[in-house]
Enquirer: 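Attaching a single structure in structure tokens format; questions to follow.
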Amino acid sequence: MRKKLIAANWKMNKTIDEGLVFVNGLKEKYPKTHPVDVVICAPATMLFPIAEKAIGSRIDIGAQNLFWEPEGAYTGEISARMIVDAGCSYVIIGHSERRQYFHETNEHTRKKIATALNERLNVIFCIGETLEDRNAGRTMDLLRSQLTEGLAGVSDQQLRSIIIAYEPVWAIGTGVTATPEQAQEAHAFIRGLVRSGYSEKSAETIRILYGGSVKPDNIDELMACPDIDGALVGGASLKLDSFLKLINYGGMGL
Ligand code: PEP
């Protein structure tokens, strides 16, 4: 049975103080026995203090990006080792905003994933189609190429540290959510790709999150889909009240 995971992607939001207040509040309301795993992916400036604050809880902290080189003259970049050093156990790779605004390609995601795995980070690997791709009937081809090119060279054993996030670009930050049927279809397809590229066991154990305008009022129906193992949440993860409703979806943990 795959355990559900709700991951917050705070993007470029919150100061250190605001992050600390949130994590402190979450720590109080998220008991160690809670059935859902929680990851907070925060801006780089606050990773160290919030990771320290999360000590003694089951909250995991993640970065939102990394650079594939181990060190050197790469102004403005941070390495996988620095992310681990700051107390993180997760990193998001391949988010559509990175692909769209920073021209990240599948080859870039491949290199970033390889580096993250070398440093034993868990990877939340984002894939998803644009509206143009969907309307042109290219969704499944695009998911296949993003997944197979990004995971090229990743072994069956390493795959255990990968969490896939299916995030249709047209649903991110738009208020438009994929219907449970659309999301389930894409998730089942992705799981099938893992089955054919790896093994039945890997396909059954890998967690596939849905992302794209997930909110307290639509999470229940999404989480009821058999191949949806959690959510990657942007906007609705910024307020503690709303995030608590997400992790407690369907009465979980209450
Ligand atoms: C995201 O950034 O990964 C995301 C899903 O954002 P939102 O929930 O705001 O659509």
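Just so you know, ligand 1 is whichever comes first in the structure, and atom 1 is the first atom listed for that ligand. These figures come from a predicted structure and were not determined experimentally. Counting from 1, the numbers follow the sequence of the chain as shown.
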Enquirer: For atom CD of Glu132, is the number of surrounding heavy atoms from other residues, nucleotides or ligands below 6.0 Å larger than 12?
Expert: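 Not more than 12 within 6.0 Å, no.
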Enquirer: Do His108 side-chain atoms and Thr105 backbone N/O form a donor-acceptor pair below 3.5 Å?
Expert: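 At least one qualifying donor-acceptor pair exists.
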Enquirer: Which of the numbered atoms in ligand 1 are below 4.0 angstrom from a heavy atom of Asn9?
Expert: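 In order of numbering, the contacting atoms are 1 (C), 2 (O), 3 (O).
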Enquirer: Can you pull out the closest protein heavy atom to atom 9 (O) of ligand 1? Residue, atom name and distance to 0.1 Å, please.
Expert: Gly235 N, 2.8 Å
Enquirer: Around atom 4 (C) of ligand 1, find the nearest protein heavy atom and jot down its residue, atom name and distance.
Expert: Gly234 N, 3.6 Å
Enquirer: Of all the non-hydrogen atoms in the protein, which one sits nearest to atom 1 (C) of ligand 1, and at what distance?
Expert: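 Among all protein heavy atoms, the one nearest atom 1 (C) of ligand 1 is His95 NE2, 3.2 Å.
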Enquirer: Are there more than 12 heavy atoms of other residues, nucleotides or ligands under 6.0 Å from atom NZ of Lys3?
Expert: yes
Enquirer: Is it the side chain (CB and beyond), the backbone, both or neither of Ala171 that lies under 4.0 Å from ligand 1, heavy atoms counted?
Expert: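 The answer is the backbone.
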Enquirer: Mind checking whether Leu232 contacts ligand 1 via backbone (N, CA, C, O), side chain (CB onward), both or neither, at a 4.0 Å heavy-atom cut-off?
Expert: both
Enquirer: Are side-chain heavy atoms of Lys29 and Leu240 found at a separation under 4.5 Å?
Expert: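 Not in contact.
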Enquirer: Looking at ligand 1, is there an atom of it that comes within less than 4.0 Å of some heavy atom belonging to Gly212?
Expert: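 Distance cut 4.0 Å: Gly212 passes for ligand 1.
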Enquirer: Can you check whether Gly173 has an N/O within less than 3.5 Å of an N/O in ligand 1?
Expert: yes
Enquirer: Is a donor on one side and an acceptor on the other found under 3.5 Å between the side chain of Tyr166 and the backbone of Ile228?
Expert: no
Enquirer: Looking only at protein heavy atoms, which one is nearest to atom 3 (O) of ligand 1, and what is the separation?
Expert: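 For this ligand atom, the closest protein heavy atom is Glu167 OE2, 2.7 Å.
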Enquirer: For ligand 1, is there an atom lying under 4.0 Å from some heavy atom of Lys11?
Expert: yes
Enquirer: So do Arg2 and Asp227 actually touch side chain to side chain, heavy atoms under 4.5 Å?
Expert: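 The answer is yes; the side chains approach within 4.5 Å.
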Enquirer: Is Phe189 atom CZ crowded by more than 12 heavy atoms from other residues, nucleotides or ligands, each under 6.0 Å away?
Expert: yes
